Structures are given as structure tokens and as C-alpha cells.
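For clarity, every value in this text was computed on a predicted model and none was experimentally measured. What you see below is based on every heavy atom in this structure, not just the backbone, and it leaves out hydrogens, waters and symmetry mates. To find a chain, count down the sequence lines: A is the first, B the second, and so on, and within it residues start at 1.
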Number of protein chains: 2
Amino acid sequence: MANIDPFVALADPTRRRVFEAIAKHPYAVGELSNFLPVSRPAVSQHLKVLSDAGLVICRPEGTRRIYSARPEGLAEIRAWLDKYWSELLESFSSEVDRGSVINNDRPYR
Amino acid sequence: MANIDPFVALADPTRRRVFEAIAKHPYAVGELSNFLPVSRPAVSQHLKVLSDAGLVICRPEGTRRIYSARPEGLAEIRAWLDKYWSELLESFSSEVDRGSVINNDRPYR
DNA sequence: GATCTATGTTAGCCATGACTTACCGTAAGT
DNA sequence: ACTTACGGTAAGTCATGGCTAACATAGATC
């Protein structure tokens, strides 16, 4: 609910490992803390961040909560990537057109 | 030189604004600090991080240093994204096959 | 070489956040 | 109702990092 930036959510290495595990297949919190080098509350906190970033959802199953990854959560990153990837190609080609890649013109302002 | 994680480099909002500006077209450090809400040394430090992450490259031009974005720097993120995007689709479709996915709303936090 | 401009670097401050321990709530089994 | 299992939450600690101010460095111009 906190609308966390997915880049921030995935920047932490531990949290990214949590997401990568969940992306392969859903897990409960305890399972994750078994093969991750942090405590169960830490995993729980990471899952909250991932959830707030829209990267993960959970469904209760008895006393357990099964977390699974949410493909739409990656869409924001993908959109950003596509945008600036194409902008990079544009700016590169336009600089080539002006010849400012070869010589030392000042193409700024 | 420090091989910084591109996710970490782009997680900071200010640093991402620096990269986004540079992606549109190259800038010198002072130019960036003019329209960014941080001091020039801060911009310089952000540029160092971006450079260590391989997202940016600079060429000296007199006393100025012109920074431009480096498309290959985004490749690592793109590769990661493609990998886990496809993994998500796989695991999702296999769960659908098993009938364990009812809907893809977000009923729980 | 003196000096100005543009930038990198250092030191220190302060906020953020990742982590653990302890605690509390909730669902199932007996 | 009690117990057990599982997981979210609070408090507190510690490390990281983003920021500014002050200093250091390199190129250009005279």
C-alpha cells in the first residue's frame, strides 16, 4: 500500500534473493528463512517491502502465508528500461548526425 | 571500477534523475547541478557511482567533463529482467495448469 | 607562474534501513 | 481451552550512504 519504488525494493541483495526464489516458485515465510542467511522476521520485513512495491502477493493457507511473485510488478521497471534504452539510441544517433561524436563541438545548450 | 550493482545505482531518486538527464543527452557536472536540487559535489559523487556501475562514461573537454550514458550499462538490468520475467511466466502458466490460480488480483497485502 | 574555472575529494553530520530479539495475534489439532 | 506452528510487529542497535562545506587538483588564459 505504500507504493514503494521497485528499483529500491530490488536494490537490496537479500531482498532480491527473496524475490528470485519466489519467482521460481511460491514459498512460505519460514521456508524462505530456512535457506536464506537472515532471520524469519527479516524475511517478513523484506516481503512487506516487496509487497508494497507490487512485486509480490500472498495468499493465506492455514497459519502459513504463501508468497508468489507478481509479473505486473516488473512492468514498471521494464517500462522505464524500454524508455531510456530507446532514448539512449536516439541521442546517440542524433549526435552522430551532428558529428559531435567525432569532433569536439559543444552540443549543449 | 568498483563494479557497483546497477540496481543499487538506480535506486536513489536523485541519482536516477542524473542518469535520466544524461540519457537524453550528455551534460557537464555543473550543468547538472544547475537544474538538480543538490550541490555540485553531490552530483559528482552520484556520477562516480553511476560510472562504477558502468551506466555512464565521461570524456574530458578542457576543464569540463562531459558525461554521457552508456547503453551497455542497462544490459545487466535488462538481462535480469528478461530472465525473471520469463521464469514468472513459466511458473504462472504451470500453476494455471494445476488450477491453483484463481485470479490475479491482489486480495492480500 | 598567477589566476580563474570546472571538477574531484575529504571530513563530518544526519537520516535511512537492514537486522535481531522479544512479543503478540491467529489458525489448526488435541 | 490449551498447545503448537506460523508469521507479523515493535524496539533497539549498527552500518551504510547521501548531503554540505572545505580543501585539493587539472586545464586554459593571460
Peer 1: Is there a donor N/O on one and an acceptor N/O on the other, under 3.5 Å, for the side chain of B:Gln45 and the base of C:dT10?
Peer 2: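 Yes.
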Peer 1: Could you pick out which residue, A:Thr14 or A:Gly62, lies toward the 5' side of DNA chain C when each is mapped onto its nearest nucleotide?
Peer 2: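 Residue closer to the 5' terminus by nearest nucleotide: A:Thr14.
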Peer 1: With a 6.0 Å cut-off (strictly less than), is the heavy-atom count around CD of B:Glu76, excluding the residue itself, greater than 12?
Peer 2: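 It does not: B:Glu76 CD has 12 such atoms or fewer within range.
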Peer 1: What contact category does A:Arg15 fall into here, base, sugar-phosphate, or nothing, at under 4.0 angstrom with non-hydrogen atoms?
Peer 2: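 Sugar-phosphate only.
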Peer 1: Aromatic rings A:Phe35 and A:Tyr27: how do their planes relate, parallel, tilted or perpendicular, breaks at 30° and 60°?
Peer 2: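 Rings of A:Phe35 and A:Tyr27: perpendicular, as their planes differ by over 60°.
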Peer 1: Could you give the distance from OH (B:Tyr84) to CD (A:Glu20), rounded to the nearest 0.5 Å?
Peer 2: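 The OH atom of B:Tyr84 sits 3.0 Å away from the CD atom of A:Glu20.
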Peer 1: For A:Thr63 and for A:Val38, find the nucleotide of DNA chain C with the closest heavy atom, then tell me which residue's nucleotide is more 5'.
Peer 2: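 Mapping each residue to its closest nucleotide by heavy atoms, the 5'-most match is A:Val38.
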Peer 1: Within the structure, does a side-chain N or O atom of A:His46 lie under 4.0 Å from either OP1 or OP2 of C:dG17?
Peer 2: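 No, outside the criterion.
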Peer 1: Looking only at side-chain atoms of A:Ala42, point me to the closest of C:dT9, C:dT20, D:dG8.
Peer 2: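 Between C:dT9, C:dT20, D:dG8, the one nearest the side chain of A:Ala42 would be C:dT20.
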Peer 1: Compare the minimum distances between each of C:dT20, D:dG7, D:dA28 and the side chain of A:Arg40, then state the nucleotide with the smallest one.
Peer 2: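 That would be D:dG7.
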Peer 1: Given C:dT7, is OP1 or OP2 found less than 4.0 Å from the side-chain N or O atoms of B:Tyr27?
Peer 2: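 False: B:Tyr27 side-chain N/O out of range (4.0 Å or more) of C:dT7 OP1/OP2.
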Peer 1: Spell out, yes or no, whether A:Leu81 and B:Leu10 are grouped together once hydrophobic residues are joined by side-chain heavy atoms under 4.5 Å, including indirect joins.
Peer 2: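 Result: yes, single cluster for both.
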Peer 1: So if I take every side-chain heavy atom of A:Ser39 and compare against D:dG8, C:dT20, C:dT9, which nucleotide ends up nearest?
Peer 2: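 When the side chain of A:Ser39 is considered, C:dT20 is the closest of D:dG8, C:dT20, C:dT9.
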Peer 1: B:Arg64 side chain: which of C:dA6, C:dC19, D:dG18 is closest?
Peer 2: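 Nearest nucleotide to the side chain: C:dA6.
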